[in-house]
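In what follows, a single structure is set out as structure tokens and then discussed.
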Amino acid sequence: MAELTSAALNIIRQYAALLETIEEGLDYVEASFSDPRRMHADVVLADLLS
């Protein structure tokens with residue numbers, strides 16, 4: 001099995017953090033369907049899709 005370099009490991013960590021942020025955004029958008037007080041869910045969704 002090949003060893004990861006520190007640069008590769010750093011990229012993997014950044015990618016995992018990005019995926020967590022996207023998941024949080026999608027959770028917010030999903031919750032906005034049942035809670036009209038959550039404003040700007042459409043903007044969050046547009047940012048996630050781009």
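One-based numbering along the sequence shown.
- Residue L9 is found in a hydrophobic cluster whose other members, listed by chain and number, are L4, I12; membership requires side-chain heavy atoms under 4.5 Å apart, directly or through intermediates.
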Contacts under 3.5 angstrom, residues 39-50 side chains, donor-acceptor by atom type, not counting sequence neighbours:
from, atom 1, to, atom 2, distance (Å)
S50, OG, A46, O, 3.3
S50, OG, D47, O, 3.1

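- Pairs passing the salt bridge (Lys or Arg N to Asp or Glu O under 4.0 Å) check and including a residue from residues 11-31, sequence neighbours excluded, do not occur.
- For the residue pair V29 and S32, the shortest heavy atom distance occurs at O-OG, 2.5 Å.
- Taken together through direct or relayed side-chain contacts under 4.5 Å among Ile, Leu, Val, Met, Phe, Trp and Tyr, I11 and L18 form parts of separate hydrophobic clusters.
- The side chain to side chain donor-acceptor pair (under 3.5 Å) check on D35 picks up R37, with sequence neighbours excluded.
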